[in-house]
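Structure first, commentary second.
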2 protein chains.
Amino acid sequence: MSISAERKTAAERREAVLDAALDEFALRGLDGASTEAIAAAAGISQPYVFRLFGTKKDLFKAVITRCFRETLELFQRAAEGKRGPEALEAMGAAYMDEMLPDRMRLRGQMQAYAACDDPEIRDVVRNGYGDLVAYAERVSGAGPPEITQFFATGMLLNVIASMGVQDGGEPWASRLLAGCEKP
Amino acid sequence: MSISAERKTAAERREAVLDAALDEFALRGLDGASTEAIAAAAGISQPYVFRLFGTKKDLFKAVITRCFRETLELFQRAAEGKRGPEALEAMGAAYMDEMLPDRMRLRGQMQAYAACDDPEIRDVVRNGYGDLVAYAERVSGAGPPEITQFFATGMLLNVIASMGVQDGGEPWASRLLAGCEKP
DNA sequence: TTTGATTGTGAGTGATCACTACCTAAGTCG
DNA sequence: CGACTTAGGTAGTGATCACTCACAATCAAA
């Protein structure tokens, strides 16, 4: 080791790499991201990234898998003990409060959708998204119109975050955001 | 010239390159796309792409600029002679009918949002999207709730197309799509 | 203390790729 | 014809990058 940094368990390193990879992938995309940069941000050498995750694509899949899982957990926490429409409302509020400020996670989601031409990645995204929809339907008992509106609003928020217009700079964007709040 | 293909005007070649580039960028993204592949699909040599468009990023910007302009024109055609809520409805129907089947255009849009970390690209996307919102607001006279719902639905359709779940394979996706039709 | 597993790296490597420098052929007009 | 402009190509080039291989340091248990 170069300056003899502390040894960590492989599991800890994996988490660090996932954190670093989320940022890099969110900003530059699957192909634009550099494993060199990810390794540097995670504080390890670049070959070790490959030892831990196999290929760049596998790392990407691991990142979005974790991302979807955490989003599902966010929904579950928000809807805990609630049923029906108010569960949906709580989930929406939680998404606005916790997810919207986390630009990297939002952008990472967009990169995942954008990379869906690859069948392996598409499978991960489909499963992740499908789980979110299934949970929302189950806990809220709502049907197409409400569920669709819920997820449509979420996707609009993602796009707004991608464009970086959520800070009031663009009047039209502020109006779109205003329409996201429940009446 | 290799086998002496016909000479075309630069403007015609530019259109051919834009067509080819939309497909390549839509599938592989800004960084993943290869100018070699774009040139081949357009039927010219790779250096000529650079003579026509300068850099890969400039080509990407040209592609999404044209994409947004054509979407605006689609809206204008659909809303022609209409005002108020029915203009919005006609635009929505046109988007479903003409845009949804055009997978490349949808995916290209997603790639544009995903590439928004770059300031130049972000500007193009902001302007393009802002124009769409401004037109929808103006022609429909609608406010935040309706306009937001309109664009939110559009973004959900983009994501659904990205995931390739619009063909009835996934029940939850069919339910989401059902919720996109006006009640 | 030796053995074996685990954590980690330095030094490549072949491929790809955006982009350039320079050249050629085809139209066009006097 | 000759001069000029426009369309288009050939042949690189330097850089980047995903990924490999062989090796080293550290830990844990027998």
Side-chain angles (χ1 to χ4, degrees), chain A residues 1-64 111 115 117-118 120-121, chain B residues 1-64 111 115 117-118 120-121:
Chain A
M1 248 164 287
S2 49
I3 350 174
S4 178
E6 311 105 272
R7 248 168 94 107
K8 304 269 185 73
T9 70
E12 284 172 315
R13 290 299 190 196
R14 245 186 283 265
E15 281 304 303
V17 171
L18 286 173
D19 290 341
L22 173 59
D23 286 9
E24 178 77 2
F25 282 133
L27 258 19
R28 324 232 96 89
L30 170 55
D31 286 281
S34 142
T35 58
E36 187 73 52
I38 292 170
I44 62 173
S45 70
Q46 186 250 23
Y48 197 32
V49 171
F50 287 87
R51 164 140 307 177
L52 292 172
F53 287 94
T55 67
K56 184 158 90 152
K57 195 161 87 180
D58 285 339
L59 173 56
F60 189 80
K61 284 158 60 184
V63 168
I64 59 185
Q111 299 290 358
D117 181 50
D118 182 284
E120 293 177 39
I121 292 169
Chain B
M1 246 165 289
S2 48
I3 348 175
S4 178
E6 312 106 89
R7 250 168 93 106
K8 302 269 185 78
T9 70
E12 283 173 315
R13 290 299 190 196
R14 245 187 283 266
E15 281 304 304
V17 171
L18 286 173
D19 289 341
L22 172 60
D23 286 9
E24 177 77 3
F25 281 133
L27 257 19
R28 326 234 94 93
L30 170 55
D31 285 282
S34 142
T35 58
E36 187 73 51
I38 293 171
I44 61 174
S45 71
Q46 185 250 23
Y48 197 33
V49 172
F50 287 87
R51 164 140 308 180
L52 291 173
F53 286 94
T55 67
K56 183 158 90 153
K57 196 162 84 179
D58 285 339
L59 173 56
F60 189 78
K61 284 157 60 184
V63 168
I64 59 185
Q111 299 291 357
D117 182 50
D118 181 285
E120 294 176 38
I121 292 168

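Proteins come first, then strands; the chains are lettered A, B, ... in the order of their sequence lines, and each starts at number 1.
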message: Strictly distance-based, threshold 3.5 Å: is any side-chain N or O of Glu24(B) a donor or acceptor partner for the main-chain N or O of Ser34(B)?
response: yes

field: Whole-Å gap separating P (dG8(D)) and CZ (Phe53(B))
entry: 13 Å

- request: Write down the distance between NZ (Lys8(B)) and C1' (dA7(D)), rounded to a whole number of angstrom.
  value: 12 Å

message: By nearest atom, which of the nucleotides dA18(C), dG8(C), dC21(D) is closest to the Lys56(B) side chain?
response: dA18(C)

task: With the side chain of Thr55(B) defined as its heavy atoms from C-beta on, choose the nearest nucleotide among dC21(D), dC19(C), dT6(D).
output: dC19(C)

field: With Arg13(A), the side chain to side chain contact (heavy atoms under 4.5 Å, CB included) member among Lys8(A), Arg7(A), Arg51(A)
entry: Lys8(A)

- request: Report the nucleotide, chosen from dT10(D), dA18(D), dT9(C), that has the shortest atom-to-atom distance to any side-chain atom of Thr35(A).
  value: dA18(D)

message: For Arg28(A) versus Asp117(B), what's the shortest heavy-atom pair and its separation?
response: NH2-OD2, 3.3 Å

task: When you get a sec, tell me which of dG9(D), dT20(D), dT7(C) is the closest nucleotide to the side chain of Phe50(A)?
output: dT20(D)

task: Rounded to the nearest angstrom, tell me the gap between atom CD in Glu12(A) and atom P in dT6(C).
output: 16 Å

task: Answer yes or no: does a side-chain N or O of Tyr48(A) lie under 4.0 Å from OP1 or OP2 of dT9(C)?
output: no

- request: Name the residue closer to the 5' end of DNA chain D, choosing between Ala10(B) and Gly32(A) according to the nucleotide with the nearest heavy atom.
  value: Ala10(B)

message: By the 4.0 Å heavy-atom rule, please label Ala33(B) as base, sugar-phosphate, or nothing.
response: sugar-phosphate

- request: Please state how far atom CD in Gln46(A) lies from atom P in dT9(C), giving the value in whole angstrom units.
  value: 11 Å

task: Report yes or no: is there a donor-acceptor pair, N or O only, under 3.5 Å between the side chain of Arg13(A) and the base of dT7(C)?
output: no

- prompt: Tell me: CG of Leu59(A) to P of dC17(D), nearest whole Å?
  reply: 15 Å

query: Can you check whether Thr35(A)'s main-chain N or O pairs, donor with acceptor, with Gln46(A)'s side chain at less than 3.5 Å?
result: no

query: Given atom CD1 of Ile44(B) and atom P of dC19(C), what is their separation to the nearest angstrom?
result: 15 Å

message: Side chain of Pro47(B), heavy atoms from C-beta onward: which of dG10(C), dG27(C), dA11(D) has the nearest atom to it?
response: dA11(D)

query: Taking atom P of dG12(C) as reference, at what distance in whole Å does atom CD of Glu36(A) sit?
result: 15 Å

task: Specify the closest pair of heavy atoms between Ala42(B) and Ala20(B), including all atoms of both residues, with the distance to one decimal.
output: N-CB, 3.9 Å

field: base_contact_polar (dG8(C) base, Arg51(A) side chain, donor-acceptor, <3.5 Å)
entry: yes

- request: Starting at atom CG of Leu52(B), determine the distance to atom P of dT20(C), rounded to an integer number of angstrom.
  value: 14 Å

